Participant: 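Just dropping this structure here.
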Amino acid sequence: MLPLMLGRVRKARTWDLGCLQEILKSFTERCSQCAAVSWGLTDEGKYYCTSCHNVTDRSEEVVSTAVITNTKINSISRGLRKRSKHEKGWDWYVCEGFQCILYHQAEALKTLGVGAELKNEVLHNLWKRYLQKSKQAYCKNPVRTRGRKAKVLGDNLQSSDCASELELLSDTTLESGAEFQSDPQIPKPFPLVKASPKSEAADVCSGSVDGVEYSEWKEKGVLKMTVPRTLALCYLSLLWQRETITLSDLLRFVEEDRIPYVNAFQLFPEEMKVYGRDKGIFAVESWPDYEDIYKNMIEVAIFLDLPRFPDVTEDCYLHPNILCMKYLLELNLPEEMHSLTCQVVKMTGIGEVDFLTFDPIAKKKRTVKYDVQAVAVIVVVLKLLFLLDDKLEWSYSSLAEAYNEEHREDEPQFDFRKWYQVMKKTFDEKRQKWEEARAKYSWKTKRPIYRSHIDKSVMYKRREMVEHLQKQFSALVGSTPVAEKKDPSSFQFNWTEGDTGSPCFHGHSLQGLLRTKGQSLITKNSLYWLSTQKFCKSYCKHVTTYEESNFSLSYQFILSIFSFLLRIKTSILHEEVSLIEKKLFEKKYNESKKRSRPKKVRRH
Amino acid sequence: MSDFDEELTKLALAEDGKRETSVFSNPGMHFPWLQERIETVVTGGKKKRDFAQTTSACLSFIQEALLKHQWQQAAEYMHSYLQTLEDSDTYKRQNAPEVIWKLGSEILFYHPKSNVETFNNFADRMKNIGVLNYLKISLQHALYLIHHGKLEDANRNLSDAETWRYGEKSSSQEVLINLVQAYKGLLQYHTWSKKKTELSEIDKDDYAYTSETGNSGNQSCRTSTSICALLKTPGVWDPFVKSYVEMLEFCEDRDGAREILTNYAYDEKFPSNPNAHIYLYEFLKREKAPRAKLISVLKILHEIVPSHPLMLEFHTLLRKSDTEEHQKLGLSVLFEFLDFAGCTKNITAWKYLAKCLKQTLMEGHLVWVEEEWMSRRSWWPTFHFSFFWAKSDWKADADLACEKAFVVGILLGKGCRYFRYIVKQDHETLKKKIKRMKKCVKKYSIVNPGVCT
């Protein structure tokens with residue numbers, strides 16, 4: 001049902017949260033008693049000031065002028081309960097918090113150049129589906145919340161089919177919204193139930209209405225939303241749209257602060273107070289980890305019961321042939337290598353549509369780490385060409401150097417040693433800068449999250465103190481401007497621009513490394529060594545181990561810079577290389593299982 | 001969180017008790033597992049947060065910048081490091097102010113754009129983060145101000161710190177309070193001493209003089225209370241003791257001064273401190289105390305620092321004494337003094353040794369000399385009396401060379417190269433002396449001729 005909906009062309013609508021903001025923006029009149037702008041709704045549907053409890057008679061007028069496109073928000077945003085005396089703010093629910101984060105993430109992706117459909121349709125639908133599957137909204141009986149929120153459709157829409165509900169919700173809310181508003185006295189069907197007597201304690205609190213319950217919520221089969229999982233959702237929608245952003249790109253943009261993730265809660269409207277248990281839900285003190293988000297993505301996809309994703313065909317960015325080209329350029333390797341990577345892709349079958357397309361319903365629930373795989377293919381090709389045994393690559397380099405000396409006019413041959421020197425220098429500098437930038441990263445926000453009301457003043461005082469001290473030290477830093485942020489790009493290096501001073505190897509030839517045999521060209525080097533002799537078959541889930549000292553220095557170097565490019569652990573890349581080798585030398589592997597593992601495999 | 005901490009400490013204490021008993025029953029058994037457990041509790045067994053990782057990287061960048069004197073860069077990293085004050089890890093957060101204070105004050109001390117005002121600002125802020133650092137930071141702040149010549153500000157700072165109280169002060173804080181007071185006393189001493197030098201230029205019969213001396217008497221009384229408390233705590237308090245004693249002496253409170261100095265030198269709780277004995281000795285000398293007393297003080301100093309210049313004075317004191325024991329000690333004091341490389345060119349010492357050797361041998365105490373020489377026979381010849389030294393000593397200081405030659409002649413005989421070299425030198429003024437020396441050596445040398453190097 002989802003693909004159908006996604007495929008359908010609908011008029012662009014405002015997003016849930018945008019709508020929420022709109023509603024609340026319209027209540028900007030000041031309270032006649034205390035001049036605060038902080039309104040709640042009484043049981044009678046009238047507005048009262050949350051700071052002085054002065055009840056106004058404006059209810060009807062306000063309700064009728066508000067543009068309400070989503071009824072869920074409508075019922076949630078009602079101040080059905082007087083807020084605690086500690087914080088004046090809106091009543092908001094944890095899922096709304098995540099929705100806000102997703103909204104901002106989607107906005108950020110849009111500014112990065114991703115098509116608007118991603119936000120308006122795909123991610124929107126995925127999120128709705130999540131709320132529905134986790135029974136938080138868009139279904140008849142929101143289980144956990146015992147009817148105290150998202151009491152959206154039960155009364156008015158008698159449809160029993162979830163899908164139709166979903167459709168109705170997404171398409172007919174404009175009409176049905178009017179119905180709701182005509183009845184301002186929506187009865188509160190279930191009283192607010194506190195999750196446990198514990199929550200009465202002064203130190204267990206939360207800014208959101210259900211923060212305490214949410215953090216204690218454990219239900220079998222339900223995948224709770226977390227901040228990392230919002231990224232998983234983003235990636236799923238990117239994948240669905242077959243956008244030109246890989247997972248490693250996405251995570252890099254997060255690290256570059258282009259996509260909200262760390263402290264995303266600071267984007268919440270001022271009135272959405274975040275404290276207490278919300279800290280455990282929304283505060284993040286780590287950057288996303290590739291493996292972790294990857295795992296989460298598969299989990300979320302399974303939980304949402306998503307159908308097979310659109311095919312990843314040869315003209316898709318995610319296809320290894322295209323990605324290999326991209327990474328060859330990025331890694332300053334000769335473009336000529338592309339025909340070799342294509343050959344490896346073909347031989348291993350990793351370019352097949354069925355292999356590349358993510359299908360959460362399929363038995364083998366896995367997807368391809370497109371970026372890691374493409375880089376691993378390049379590693380395999382380098383091994384095919386140079387063997388990378390700390391000997392052959394250097395002797396080939398000497399030959400290439402000598403050739404280039406003699407034929408200065410010709411197209412130069414690729415010189416591995418020269419490439420190594422350039423890359424080593426560039427990557428060392430880049431890594432140094434990266435580490436410095438990380439060390440300077442500021443994790444704390446202007447809105448500190450306190451655990452309990454007792455902590456509040458201390459936290460704010462501490463915050464103020466830190467800001468003051470920071471001001472003092474920034475005066476000492478001097479006028480040196482902070483390096484201006486570069487425009488976002490899926491490329492981290494640009495070798496073709498002459499001004500970097502590093503030579504570009506894109507146009508170099510592989511002539512010295514290939515020889516003709518009959519009609520075809522084959523590599524001069526006829527040896528190969530396997531990165532892994534044996535795959536781990538235990539239940540620990542890892543496939544191979546990467547013990548650096550067991551490998552040649554060239555291999556280590558290549559793995560380390562390639563994995564730095566993707567910001568992943570070297571062991572992950574090593575594992576991917578091994579998996580490709582397993583496919584490429586399947587026969588040999590089978591033989592070696594029988595015989596006593598030969599160290600080197602002769603290629604056919 | 002604090003409850004949890006408390007629980008943990010309780011637990012740890014309980015474990016400690018258990019361990020003690022187990023150690024008692026089974027000596028040598030020790031399991032360092034508790035520390036491990038505490039560590040896993042701290043990290044919660046989870047992956048280290050990137051926050052922790054980047055801030056610790058930031059710390060090492062700051063340290064590197066400080067090491068390379070890149071103050072600007074250090075300030076840049078410091079800007080980010082300040083967020084550790086908000087670390088959600090309680091333990092780390094509590095340690096953060098001290099680390100930040102240490103790094104920050106270092107940066108502000110050296111940074112070209114920093115001035116007293118910025119430093120004051122920083123110190124005032126840092127004092128009020130957490131309670132435990134108030135005194136330490138106040139004290140260091142005052143020292144910074146003193147360094148920049150702002151004595152009045154420093155004094156005000158110390159007064160503030162002096163009156164600061166926070167609940168039950170721990171024992172470590174008590175020492176700090178004493179230190180704060182003592183530094184205040186030291187500042188008072190400074191003003192007093194300045195006034196004293198001013199007074200010494202005024203005529204004694206002047207009216208101003210008498211009134212001023214009365215004032216300074218008052219001042220020293222106040223100072224005494226400031227410094228006194230500190231001097232009761234074991235430690236090395238040289239500058240405080242020195243200035244305090246000077247003030248007491250000025251007020252003619254000799255008994256008070258003596259008590260302070262004796263206590264400082266002899267109290268066993270205090271760490272061994274040569275200066276304590278030096279101050280006492282100097283005081284007693286000023287007081288013209290009997291020789292026996294002076295000797296007893298220097299005897300201790302001799303045990304701690306046998307190479308101290310005062311040892312030569314000690315030697316003369318011992319020589320003046322009548323007892324044989326003191327005479328013998330006098331000889332070994334010289335030998336031990338010359339054991340040190342820094343003293344080898346001390347002409348007085350050599351002169352004394354030459355004289356002392358001659359006299360000792362004249363009095364027939366060959367055994368004493370042999371006793372001292374026994375342990376030095378193997379290394380003194382190369383240490384003091386090599387041919388190289390003969391040449392360079394002669395070139396640098398002929399008198400010294402002569403004294404040494406005399407000593408070596410006695411100890412090693414006239415055949416040794418040092419002696420022969422010096423004797424061979426033809427020198428107008430020293431001719432007579434060398435001749436006399438040759439005679440003496442012949443007469444007293446402790447080695448038989450022929451057995452020499």
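In the text below, chain A, chain B and the rest are named by the order of the sequence lines, each starting its count at 1. Everything numeric in this text was worked out from a predicted model, so none of it was measured.
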Participant: Are side-chain heavy atoms of Leu476(A) and Trp71(B) found at a separation under 4.5 Å?
Facilitator: no
Participant: Of all of Arg463(A), Glu435(A), Lys440(A), which one pairs up most often with chain B through heavy atoms under 4.5 Å apart?
Facilitator: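 Most heavy-atom pairs within the cutoff with chain B belong to Lys440(A).
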Participant: With a 4.5 Å limit on heavy-atom distance, are the side chains of Met78(B) and Leu469(A) in contact?
Facilitator: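 No - every pair of side-chain heavy atoms lies 4.5 Å or more apart.
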Participant: Heavy-atom distances under 4.5 Å only: say whether His111(B) touches chain A with side chain, backbone, both or neither.
Facilitator: side chain
Participant: Mark yes when over 12 heavy atoms from residues, nucleotides or ligands other than Lys569(A) sit less than 6.0 Å from its NZ; otherwise mark no.
Facilitator: no
Participant: Atom NZ of residue position Lys150(B) - does it have more than 12 heavy atoms of other residues, nucleotides or ligands inside 6.0 Å?
Facilitator: no
Participant: What's the shortest heavy-atom distance between Thr118(B) and Gln472(A), and which atoms?
Facilitator: O-NE2, 2.6 Å
Participant: Using a 4.5 Å cut-off on heavy atoms from C-beta on, say whether the side chain of Asp50(B) contacts that of Arg438(A).
Facilitator: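 Sidechains of Asp50(B) and Arg438(A): in contact.
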Participant: Just wondering, more than 12 heavy atoms not from Tyr81(B) lying within 6.0 Å of its OH?
Facilitator: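 Buried by this count: over 12 neighbours within 6.0 Å.
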Participant: Can you measure from CD1 (Ile129(B)) to CZ (Arg462(A)) and round to the nearest 0.5 angstrom?
Facilitator: 9.0 Å
Participant: Atom CZ in Phe51(B), atom OG in Ser442(A): separation rounded to 0.5 Å?
Facilitator: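 With rounding to 0.5 Å, CZ (Phe51(B)) is 9.0 Å from OG (Ser442(A)).
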Participant: With a 4.5 angstrom heavy-atom cut-off, could you sort out which part of Lys279(A) is near chain B: side chain, backbone, both or neither?
Facilitator: side chain
Participant: Using modelled atom types only, decide if a donor and an acceptor are shared between the side chain of Gln83(B) and the backbone of Trp443(A) within a distance under 3.5 Å.
Facilitator: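 Flag set: sc Gln83(B) to bb Trp443(A) pair under 3.5 Å.
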Participant: Heavy-atom cut-off 4.5 Å, strictly under: side chain, backbone, both or neither for Glu285(A) against chain B?
Facilitator: both
Participant: Quick one: pull up OG1 in Thr54(B) and CH2 in Trp287(A) and give me the separation to the nearest 0.5 Å.
Facilitator: 5.0 Å
Participant: First locate atom CG of Asn121(B), then atom NZ of Lys471(A), and finally report the distance between them rounded to the nearest 0.5 Å.
Facilitator: 10.5 Å
Participant: Please flag which part of Leu108(B) lies under 4.5 Å from any non-hydrogen atom of chain A: side chain, backbone, both or neither.
Facilitator: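 Side chain only.
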Participant: Quick one: which of Ala74(B), Ala57(B), Ala75(B) has the most heavy-atom pairs under 4.5 Å with chain A, could you say?
Facilitator: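 If we count pairs closer than 4.5 Å to chain A, Ala75(B) comes out on top.
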Participant: Can you name the nearest heavy-atom pair linking Ala439(A) to Ser80(B), along with the distance?
Facilitator: O-CB, 3.8 Å
Participant: Once rounded to the nearest 0.5 Å, what's the spacing between atom CD1 of Ile449(A) and atom CD of Glu86(B)?
Facilitator: 11.0 Å
Participant: With a 4.5 angstrom heavy-atom cut-off, could you sort out which part of Gln53(B) is near chain A: side chain, backbone, both or neither?
Facilitator: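 The side chain, not the backbone.
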Participant: Under 4.5 Å from any heavy atom of chain A, what part of Ile107(B) do you find: side chain, backbone, both or neither?
Facilitator: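 Just the side chain, heavy atoms under 4.5 Å.
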Participant: Checking Phe61(B) against chain A: side chain, backbone, both or neither under 4.5 Å from a heavy atom?
Facilitator: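 For Phe61(B), side-chain heavy atoms alone lie under 4.5 Å from chain A.
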Participant: Report which part of Thr55(B) has an atom under 4.5 Å of a heavy atom belonging to chain A: side chain, backbone, both, or neither.
Facilitator: neither
Participant: Once rounded to the nearest 0.5 Å, what's the spacing between atom SG of Cys58(B) and atom CD of Glu436(A)?
Facilitator: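 Here the rounded value is 10.5 Å.
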